[in-house]
Protein chains: 2
Amino acid sequence: MKRNTVQKKTIRKYLQSVKTHPTAKQVYLEVRKTLPNISQGTVYRILKNFKAKGDIHEINSVTNRYDGDLKPHSHFICDKCNKIFDIFENNKINKHQCKFGKITSSQVYYHGVCNKCNK
Amino acid sequence: MKRNTVQKKTIRKYLQSVKTHPTAKQVYLEVRKTLPNISQGTVYRILKNFKAKGDIHEINSVTNRYDGDLKPHSHFICDKCNKIFDIFENNKINKHQCKFGKITSSQVYYHGVCNKCNK
DNA sequence: ATCGGTGCAAATCCTTTGCATTTCC
DNA sequence: GGAAATGCAAAGGATTTGCACCGAT
């Protein structure tokens, strides 16, 4: 992904102009207004590439996982092996002053590379 | 989902016994060792139900969304309208003392009901 | 001209759902 | 017995991928 194509420019420009946190589908539908022939596959490929380069963030990744442990805790996700570790230390997030609405729960995800994969 | 079936008991027991944050598929494969006839559909239905009741947590939900804004910030997700709001206030998470590995990034998700939906 | 990127369509993976059957209370 | 949950299989939605063609360098 070294070439700076119209498709990439358009998607980048769109993502930087917007505050709506669009899905891949929404990106596709919007960008298609400018580039009627762009395909969903291309949008997925470009988003994946941007994400890998760190040009954009992805909110929610990989497949859903389930946790039967209800004690409040965070997760450390190894981006290499996808293993998830529990972090029971307190994070001092202030749940009580949010102007957008009433917070009922919060989840913290830390991404990185675990000790094993880091060797 | 009022009845306490074998399927539910087995899935609940499994999730409480394990620290691996399994996917729905993994739950299915594991539980099938005890209940060879259980179907994936049932596993999905039961997990969804447990989650709704608050008996388990789901790590990562809904479809991936993308964010071109790289300034560090958190997200507030309205569980009614699924709208995502940006929170630029600092959360004081300590990135620098994690025993599992090296943290390269973190994401904080707040769930709740936004002001508009709360009316 | 080259070869990386795109468009298209098929394939794959994940999740949901309709319906007949089974099972719990 | 009757409502509710399950199993099955098909459908639906998201994402990936193979391949022939196109276009940026």
Side-chain angles (χ1 to χ4, degrees), chain A residues 1-15 20-53 55-68 77 79-82 84 109, chain B residues 1-15 20-68 77 79 81-82 84 109:
Chain A
M1 299 290 263
K2 297 162 190 172
R3 292 181 184 165
N4 196 22
T5 59
V6 191
Q7 290 84 347
K8 285 188 209 163
K9 279 184 221 162
T10 310
I11 292 182
R12 173 169 282 124
K13 194 176 169 191
Y14 169 63
L15 279 180
T20 52
H21 309 89
T23 62
K25 183 89 185 188
Q26 289 170 329
V27 173
Y28 165 68
L29 290 174
E30 198 57 36
V31 166
R32 201 171 56 159
K33 291 178 184 167
T34 318
L35 305 173
N37 291 323
I38 198 173
S39 69
Q40 294 211 49
T42 298
V43 172
Y44 276 107
R45 269 185 290 236
I46 290 178
L47 288 174
K48 205 173 175 181
N49 173 248
F50 281 179
K51 181 191 162 196
K53 290 200 299 170
D55 287 354
I56 61 171
H57 282 148
E58 189 181 67
I59 304 174
N60 295 317
S61 42
V62 299
T63 313
N64 289 346
R65 289 170 171 275
Y66 296 90
D67 192 345
I77 303 166
D79 288 330
K80 284 202 176 173
C81 64
N82 277 319
I84 300 184
Y109 298 112
Chain B
M1 297 289 263
K2 297 162 190 172
R3 292 179 183 166
N4 196 21
T5 61
V6 192
Q7 289 84 349
K8 284 188 208 162
K9 280 184 221 162
T10 311
I11 291 181
R12 173 170 280 125
K13 195 176 167 190
Y14 169 62
L15 279 179
T20 51
H21 310 88
T23 62
K25 182 90 185 188
Q26 290 170 326
V27 173
Y28 166 68
L29 290 174
E30 198 57 35
V31 166
R32 201 171 55 157
K33 292 177 183 169
T34 319
L35 305 173
N37 291 323
I38 198 172
S39 68
Q40 294 212 48
T42 298
V43 172
Y44 277 106
R45 269 185 291 235
I46 291 178
L47 288 174
K48 204 173 175 181
N49 174 249
F50 281 178
K51 181 192 163 196
K53 288 200 300 172
D55 288 354
I56 61 170
H57 283 148
E58 190 179 69
I59 305 174
N60 295 317
S61 41
V62 300
T63 313
N64 289 346
R65 287 168 172 277
Y66 296 90
D67 191 345
I77 303 166
D79 288 330
C81 65
N82 278 318
I84 300 184
Y109 298 112

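When reading the values below, keep in mind they use all heavy atoms of this one structure, side chains included, and skip hydrogens, waters and symmetry mates. This structure is a prediction, so every number in the text was calculated from the model and none was measured.
- Distance B/Lys8 NZ to C/dT23 P: 15 Å, rounded to the nearest Å.
- Residue B/Tyr44 places none of its side-chain N or O atoms closer than 4.0 Å to OP1 or OP2 of C/dT16.
- Protein atom CZ of A/Arg32 is 14 Å distant from nucleotide atom C1' of C/dC8, rounded to whole Å.
- Residues of residues 33-43 of chain B that place a heavy atom closer than 4.0 Å to DNA chain D, in numerical order, are B/Asn37, B/Ile38, B/Ser39, B/Thr42.
- From A/Asn37, atom CG reaches atom CD of A/Gln7 across 9.5 Å, with rounding to the nearest 0.5 Å.
- A/Ile38 and A/Arg32 get closest at one heavy-atom pair: CG2-CA, 4.1 Å.
- Atom CG of A/Leu47 sits about 9.5 Å away from atom OG1 of A/Thr23, to the nearest 0.5 Å.
- In this entry the distance linking CD1 of B/Ile46 with P of C/dT15 reads 16 Å, nearest Å.
- Between its opening and closing five pairs, the helix from C/dA1-D/dT25 to C/dC25-D/dG1 changes axis direction by 40°, a value rounded to 10 degrees.
- Listed here is the closest heavy atom pair of A/Val31 and A/Thr10: CG1-CG2, 3.8 Å.
- Contact annotation: side chain of B/Arg45 to base of D/dG7, donor-acceptor pair present below 3.5 Å.
- With rounding to whole Å, A/Gln26 atom CD is found 10 Å from D/dA14 atom P.
- Put simply, CG on A/Asp55 and CD1 on A/Ile11 are 12.0 Å apart, with the number rounded to the nearest 0.5 Å.
- We find that CG of A/Leu47 is positioned 12 Å from P of C/dT6, with the value rounded to whole Å.
- Proximity of B/Tyr44 to B/Gln40: side-chain heavy atoms (C-beta onward) are separated by under 4.5 Å at one or more points.
- Shown here for B/Tyr14 and B/Glu30, the closest heavy-atom pair between the two residues is CE1-CG, 3.2 Å.
- As rounded to whole Å, 14 Å separates atom P of D/dA5 from atom NZ of B/Lys48.
- Per the geometry, CD1 belonging to B/Ile11 stands 12 Å off C1' belonging to D/dA5, to the nearest Å.
- Rounded to whole angstrom, the span from the CZ atom of B/Arg12 across to the P atom of D/dA5 amounts to 13 Å.
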Quick test: give all pairs of protein nitrogen or oxygen and nucleotides 20-25 of chain D nitrogen or oxygen below 3.5 Å, distance rounded to 0.1 Å.
residue, atom, partner, partner atom, Å
D/dG23, N2, A/Arg3, NH1, 2.5

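- The closest donor-acceptor contact from the side chain of A/Lys8 to the backbone of A/Arg3 lies under 3.5 Å.
- Taking each heavy atom of A/His21 and A/Gln26 in turn, the nearest pair found is O-OE1, 4.3 Å.
- Across all their heavy atoms, A/Lys51 and A/Ile56 have their closest contact at N-CG1, 3.7 Å.
- In terms of heavy-atom proximity, A/Pro22 sits nearest to A/Leu15 at CG-CD2, 3.8 Å.
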